[in-house]
Asks: 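Quick one: this structure, given as structure tokens, is what I'll be asking you about.
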Amino acid sequence: METLLNDIRYALRQFRRNPGVSAAAALTIALVVGANSAIFSVVNGVLLRPLPYPEQDELLRVYEVRRGRRIDVMSPASFLDLREQGRVLEVAAFERGEYVLVGMGDPVRLPGAQVSSGIFTEVLRVPPALGRGFRPDDNLCGSRRAS
């Protein structure tokens with residue numbers, strides 16, 4: 001214990017003797033610790049922590065391939081074929097986008113997605129917190145969206 005106290009006293013004398021070097025070392029250590037913490041938070045949230053859905057290990061994303069190239073947006077006909085012929089998979093579609101919310105104040109751009117019926121209750125198995133989920137007839141153009 002005596003040796004540890006002597007080492008701490010020696011370090012404090014050196015810090016007083018060279019305050020610039022000491023400040024630079026402390027700042028460098030603080031930056032490295034902060035950067036490590038930020039990187040780990042992102043990696044933990046994106047890669048290590050499981051998705052907040054039951055059976056998350058069974059989720060998959062299906063792409064369409066045309067002329068040897070992956071197409072991120074599947075054609076509606078291909079989606080409907082996959083949905084009708086899928087005996088093993090629960091199938092739903094989504095397309096990310098940016099939308100404008102208008103109301104009382106200034107318009108606000110918000111990220112969002114257009115989704116097909118069944119994405120929450122059938123695919124992700126997440127019941128709505130309030131109200132009802134999407135029904136298959138909600139996919140049709142001009143369908144009544146109230147109730």
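Residues take their numbers from the sequence shown, with the count starting at 1. Remember, predicted model here, so these are calculated numbers, not experimental data. All heavy atoms count here, side chains included; hydrogens, waters and symmetry mates do not.
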Asks: Group every Ile, Leu, Val, Met, Phe, Trp and Tyr by side-chain heavy-atom contacts under 4.5 Å, then state whether F40 and V42 land in the same group.
Replies: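 Yes; tracing contacts between hydrophobic side chains, which count when under 4.5 Å, links both residues.
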
Asks: If you link I, L, V, M, F, W and Y whenever their side-chain heavy atoms are under 4.5 Å apart, who else ends up in the same group as L5?
Replies: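 Listed partners: none, L5 stands alone.
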
Asks: Can you give each donor-acceptor pair under 3.5 Å made by side-chain atoms of residues 15-33, sequence neighbours left out, with the distance rounded to 0.1 Å?
Replies:
{"from": "S22", "atom 1": "OG", "to": "N18", "atom 2": "O", "distance (Å)": "2.9"}
{"from": "T28", "atom 1": "OG1", "to": "A24", "atom 2": "O", "distance (Å)": "2.8"}

Asks: Identify each donor-acceptor pair in which a side-chain atom of residues 99-126 lies under 3.5 Å from a protein atom, sequence neighbours left out, and give them as a table.
Replies:
{"from": "R109", "atom 1": "NH1", "to": "E98", "atom 2": "OE1", "distance (Å)": "3.1"}
{"from": "S116", "atom 1": "OG", "to": "A93", "atom 2": "N", "distance (Å)": "2.8"}
{"from": "S117", "atom 1": "OG", "to": "N139", "atom 2": "ND2", "distance (Å)": "3.1"}
{"from": "R125", "atom 1": "NE", "to": "E55", "atom 2": "OE1", "distance (Å)": "3.3"}
{"from": "R125", "atom 1": "NH1", "to": "E122", "atom 2": "O", "distance (Å)": "2.5"}

